[in-house]
There are 2 protein chains.
Amino acid sequence: MRLSKLADYATVLMCRMAARPELTYSASQLAGEAGLPPPTVAKLMKLLARAGLLTSLRGGRGGYLLARGPEAISLADVIRAVDGPPGLIECSIHPGRCSLEGGCGIRANWGVVNAAVIQALRDVSLEQMNGGPAAMAGLRRLRD
Amino acid sequence: MRLSKLADYATVLMCRMAARPELTYSASQLAGEAGLPPPTVAKLMKLLARAGLLTSLRGGRGGYLLARGPEAISLADVIRAVDGPPGLIECSIHPGRCSLEGGCGIRANWGVVNAAVIQALRDVSLEQMNGGPAAMAGLRRLRD
DNA sequence: CGCATATGAGACCGAATCGGTCCTGTATAG
DNA sequence: CTATACAGGACCGATTCGGTCTCATATGCG
């Protein structure tokens, strides 16, 4: 149930950008800073831009820029842009594709679990990820 | 970030068994009832037994039996048995394997998110999955 | 005793997905 | 008009995943 590496990288890149939301970043610059292969970073930036999380500026001195404030972009947004809709189970995303749908009586309750996990990812912003542990206090109550 | 199909199947099988925890089930019988290929079910049962979630009885009239009560087996247990340790990110499971570990400042906070998701899966038992929506009330507060 | 049943362990394979690269086109700054 | 930088998409190798099969072992029953 792990995140894909690409989605993981994307969160790292987005958080770096969120630390200085007013700057524009080129893909190659970010790749150098983060220690990731430039072509891979370029691909990710395109995905993030197409999803509306980044604004792209073409031409010389162009680059990427956060489309919204770091407090208004969630982990769920980033994951969805790279990996598609987040979710633990198939049938909550592509209904009708599961051959068991008739018999299994747990689909509805899986949906509840699924929604809870997604909501947790939606509740964490890039700003919080860049902050200290205190910034994550809201999530801690999930562990009580 | 989806669960593997095998892990998904395993939850279905385990919940079927949890509905009648006193019975023993053979792999082929369960496969027939659930509409899954017998060899695949057999493989899953072995994994679940090795993880200590099922007790196996060999020989004629043998089969599998829940090792504990349905209220004492969680989704996290089942997932771990099939897919290995649950977790969204690599570096919280295999520290030292991520090349970015030096620079990325979000590892600690990812750990918090990760722990929250795992805890959510640990908090749901097979018994709850078999119950009505009311049985999941504990999880709903994650969405508030 | 001996056979049928059922699990234990693990090798094995095809297919799909994933991580990563490259090429061509387009827009903008200087 | 040239260098820079994004847009789109094709492409490929490697890994993982879903699924099957074989052989060994243990038990119940006739």
Table of protein N/O atoms under 3.5 Å from nucleotides 27-30 of chain C N/O atoms:
residue: C:dT28; atom: O2; partner: A:G60; partner atom: N; Å: 3.1

TODO: Can you sort out which residues in residues 26-37 of chain A have a heavy atom within less than 4.0 Å of DNA chain D? Ascending by number, please.
DONE: A:S26, A:A27
Task: Partners meeting side chain to side chain donor-acceptor pair (under 3.5 Å) with B:E71 (sequence neighbours left out) - done: none
TODO: Specify the separation, in whole Å, of atom CG of A:L54 and atom C1' of D:dA5.
DONE: 15 Å
Open item on the list: Just the rounded figure in Å: distance from C1' of D:dA5 to CG of A:L65.
Closed with: 15 Å
Would you list the protein and nucleotides 11-16 of chain D atom pairs, both N or O, that sit under 3.5 Å from each other?
none

Open item on the list: How close do A:P21 and A:P70 get, counting heavy atoms only, and between which atoms?
Closed with: CG-CG, 3.6 Å
Open item on the list: Distance check, rounded to the nearest 0.5 Å: B:Y25 atom OH versus B:L66 atom CG?
Closed with: 7.5 Å
Task: Same apolar cluster: A:I106 and A:I118, side chain cutoff 4.5 Å - done: no
TODO: Nearest whole angstrom, please: distance from the C1' of D:dC17 to the CD of A:E90.
DONE: 14 Å
Task: Degree of bending, the helix from C:dC1-D:dG30 to C:dG30-D:dC1 (end axes from five pairs; round to 10°) - done: 10°
TODO: Kindly give the heavy-atom pair with the smallest separation between B:R2 and A:I93, and that separation in Å.
DONE: NH1-CD1, 2.6 Å
- [ ] In whole angstrom, give the distance that lies between atom CE of B:M45 and atom C1' of C:dT7.
- [x] 10 Å
- [ ] Supply the atom-to-atom distance B:S74 OG to B:E127 CD, rounded to the nearest 0.5 angstrom.
- [x] 13.0 Å
Task: Student check: side-chain heavy atoms of B:R50 and B:M45 closer than 4.5 Å - done: no
TODO: Please answer: with hydrophobic residues joined when any side-chain heavy atoms are less than 4.5 Å apart, are B:L13 and B:L65 in the same cluster?
DONE: no
Open item on the list: Check the phosphate of C:dG8 against B:S56, side-chain N and O only, distance under 4.0 Å to OP1 or OP2. Yes or no?
Closed with: yes
TODO: Could you check how far CG of A:L3 sits from P of C:dG19, rounded to whole Å?
DONE: 10 Å
Open item on the list: Tell me the interatomic distance from A:R2, atom CZ, to C:dC18, atom C1', rounded to whole angstroms.
Closed with: 15 Å
TODO: Report yes if at least one side-chain N or O of B:Y9 is closer than 4.0 Å to OP1 or OP2 of D:dC17; otherwise report no.
DONE: no
Task: Phosphate OP1/OP2 of D:dC6 contacted by A:Y25 side-chain N/O (<4.0 Å) - done: no
Open item on the list: Is the shortest side-chain heavy-atom distance between A:Y64 and A:K46 below 4.5 Å?
Closed with: yes
- [ ] Write down the distance between NZ (A:K46) and P (C:dT21), rounded to a whole number of angstrom.
- [x] 13 Å
- [ ] Nearest 0.5 Å please: distance from the CG atom of B:N130 over to the CE atom of B:M17.
- [x] 12.0 Å
- [ ] Check the distance between C:dC18's C1' and A:D83's CG and give it to me in whole angstrom.
- [x] 10 Å
Open item on the list: Over all strands shown, is B:K5 touching base, sugar-phosphate only, or nothing at heavy-atom distances under 4.0 angstrom?
Closed with: sugar-phosphate
TODO: Measure the spacing between CG of B:L126 and CZ of B:R16 and express it to the nearest 0.5 Å.
DONE: 13.5 Å
Task: All salt bridge (Lys or Arg N to Asp or Glu O under 4.0 Å) counterparts of A:D77, not counting sequence neighbours - done: A:R68
- [ ] Please round to the nearest 0.5 Å and tell me the distance separating atom OG1 of B:T24 and atom CG of B:L54.
- [x] 11.5 Å
TODO: Calculate, to the nearest 0.5 Å, the distance between atoms CD1 and OG1 belonging to B:I89 and A:T11 respectively.
DONE: 8.0 Å
